[in-house]
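Data block below; observations after.
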Amino acid sequence: VSLLPEIRQTLFFSATMPPEIRRLSDAFLMNPKEISVAPQSRPVTETVTQVIAIVDQRKKVDALRQIIVKDDLKTAIIFCNRKRDVDTLYKSLRSHGLNASALHGDMDQSSRNETLERFKDGKINFLVASDVAARGLDIDDLPAVFNYDVPMHAEDYIHRIGRTGRAGRSGRAYTIA
C-alpha cells in the first residue's frame with residue numbers, strides 16, 4: 001500500500017468482515033463506504049447435512065477413511081488447522097491408496113492453482129487443505145467436506161462447510177472431534 005499513489009480509489013471486497021479484516025481495511029482505506037448485500041441463497045443449514053464423529057485422537061485417520069468408505073465418497077475437501085497436519089494427513093491417505101493432494105499457504109501460488117484445477121477436473125479425489133481453501137472456492141457439486149480438525153473459530157466452520165451444498169445442491173459436512 002505504501003507504494004501506491006496517495007490519491008487513488010481503492011475497492012475492497014469480502015464475503016465477511018471479521019475484526020482482523022476490518023482492522024486491515026481501516027489501515028489503508030480513506031473515508032470508506034460500505035455496501036452490504038443480503039445473502040440470496042438459503043442458509044447452509046438447509047442444504048448441508050452436518051455430522052460429528054467423536055473419536056479417540058489416535059483414531060482420527062481411521063475414522064476418516066471409514067467414513068469415506070462407508071458413505072462411498074468419491075471426492076471431498078478435508079480441512080486441517082495446521083499446514084504440517086495437511087502434509088501428514090495427505091501422505092497417510094495416499095499410503096492407503098486414496099488419490100489425495102495437499103493445499104496450504106506455504107505452497108507458491110502457481111502450485112496452489114495447479115492443485116486446485118486438478119481437483120476441479122477430477123484428477124484429484126481428496127484435497128487435504130488448510131483454511132486457505134475455506135473461502136472463495138467454488139467447486140461444482142462437491143458432495144462433502146471434512147473438518148479433520150475442529151476449526152478454531154465458528155466463522156471458519158461456516159466457511160469450510162460452505163464449500164458443499166452450493167447452488168441448491170445438498171452436501172455433507174463431517175467433523176471429526
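Both backbone and side-chain heavy atoms feed into the values below; hydrogens, waters and symmetry mates do not. One is the number of the first residue; the rest follow in order along the sequence.
- Atom CZ of Arg58 has 12 or fewer heavy atoms from other residues, nucleotides or ligands within 6.0 Å.
- For the atom pair CG (Leu93) and OG1 (Thr88), the distance works out to 11.0 Å, reported to the nearest 0.5 Å.
- For Phe119, the ring-ring contact (aromatic ring centres under 6.0 Å, His included) criterion is met by no residue, not counting sequence neighbours.
- A salt bridge does not link Lys123 with Glu114: none of the charged nitrogens is closer than 4.0 Å to a carboxylate oxygen.
- Looking only at side-chain heavy atoms (C-beta outward), Arg22 and Glu34 come within less than 4.5 Å of each other.
- Interatomic distance, CD1 of Ile68 versus NZ of Lys74, reported as 11.0 Å (0.5 Å rounding).
- Between Leu64 and Tyr148 the shortest heavy-atom distance is CD2-CD1, 4.1 Å.
- Heavy atoms only, all atoms of each residue included: Asp149 and Asn81 are closest at OD2-N, 2.9 Å.
- Side-chain heavy atoms closer than 4.5 Å link hydrophobic residues (I, L, V, M, F, W, Y) into clusters, and following such links, possibly through other members, connects Ile77 to Leu103.
- Proximity of Asn125 to Leu98: side-chain heavy atoms (C-beta onward) are nowhere separated by under 4.5 Å.
- Val128 and Phe79 fall into different hydrophobic clusters, defined by Ile, Leu, Val, Met, Phe, Trp and Tyr side-chain heavy atoms under 4.5 Å apart, directly or through other members.
- Residue Val48 is not grouped with residue Ile67 when hydrophobic side chains (ILVMFWY) are merged at heavy-atom distances under 4.5 angstrom, including chains of intermediate members.
- Here the CG atom belonging to Asn99 is positioned 10.5 Å from the CG atom belonging to Leu127, to the nearest 0.5 angstrom.
- Nearest heavy atom pair, residue Ala100 against residue Ile124, reads C-CG2, 4.2 Å.
- For the salt bridge (charged side-chain N to carboxylate O under 4.0 Å, His left out) condition, the pairs that include at least one residue of residues 83-103, sequence neighbours left out, are Arg82-Asp85, Lys83-Asp106.
- A single hydrophobic cluster is not seen to contain both Val145 and Phe126; linkage of ILVMFWY side chains at heavy-atom distances under 4.5 Å, directly or through other members, places them apart.
- With rounding to the nearest 0.5 angstrom, the CE atom of Met152 is 9.5 Å from the CG atom of Asp131.
- Between the CG atom in Leu89 and the CD1 atom in Ile78 there is a gap of 5.5 Å [rounded to 0.5 Å].
- For Arg172 (side chain) and Ala144 (main-chain N/O), no donor-acceptor pair under 3.5 Å exists by modelled atom type.
- If you chain together hydrophobic residues whose side chains sit under 4.5 Å apart, Leu24 and Leu29 fall into the same group.
- The minimum heavy-atom distance between Ser130 and Gly105, with the atom names listed, is OG-N, 3.9 Å.
- Rounded to the nearest 0.5 Å, atoms CD1 (Ile161) and OG1 (Thr164) are 9.0 Å apart.
- In terms of heavy atoms, Leu73 sits closest to Tyr174 at CD1-CE1, 3.8 Å.
- For CD1 of Ile35, the number of neighbouring non-hydrogen atoms (other residues, nucleotides, ligands) closer than 6.0 Å is 12 at most.
- Taking all atoms of both residues into account, the shortest heavy-atom contact from Ala76 to Leu142 is CA-CD1, 4.0 Å.
- Each of Asp108, Asn113, Thr115 was scored for a side chain to side chain donor-acceptor pair (under 3.5 Å) with Ser111, with one residue passing: Asp108.
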>> Assess the residue pair Tyr157 and Gln50 against the criterion (side chain to side chain contact (heavy atoms under 4.5 Å, CB included)); give the C-alpha distance rounded to whole Å, side-chain angles, the decisive distance to 0.1 Å, and a yes or no.
In response: CA-CA 11 Å; Tyr157 177 83; Gln50 300 172 61; 2.5 Å; yes
> Which is it for Asp62 and Arg65 under the salt bridge (charged side-chain N to carboxylate O under 4.0 Å, His left out) test, yes or no, and what are the steps along the way?
Replying inline: CA-CA 5 Å; Asp62 294 335; Arg65 288 195 331 266; 3.2 Å; yes
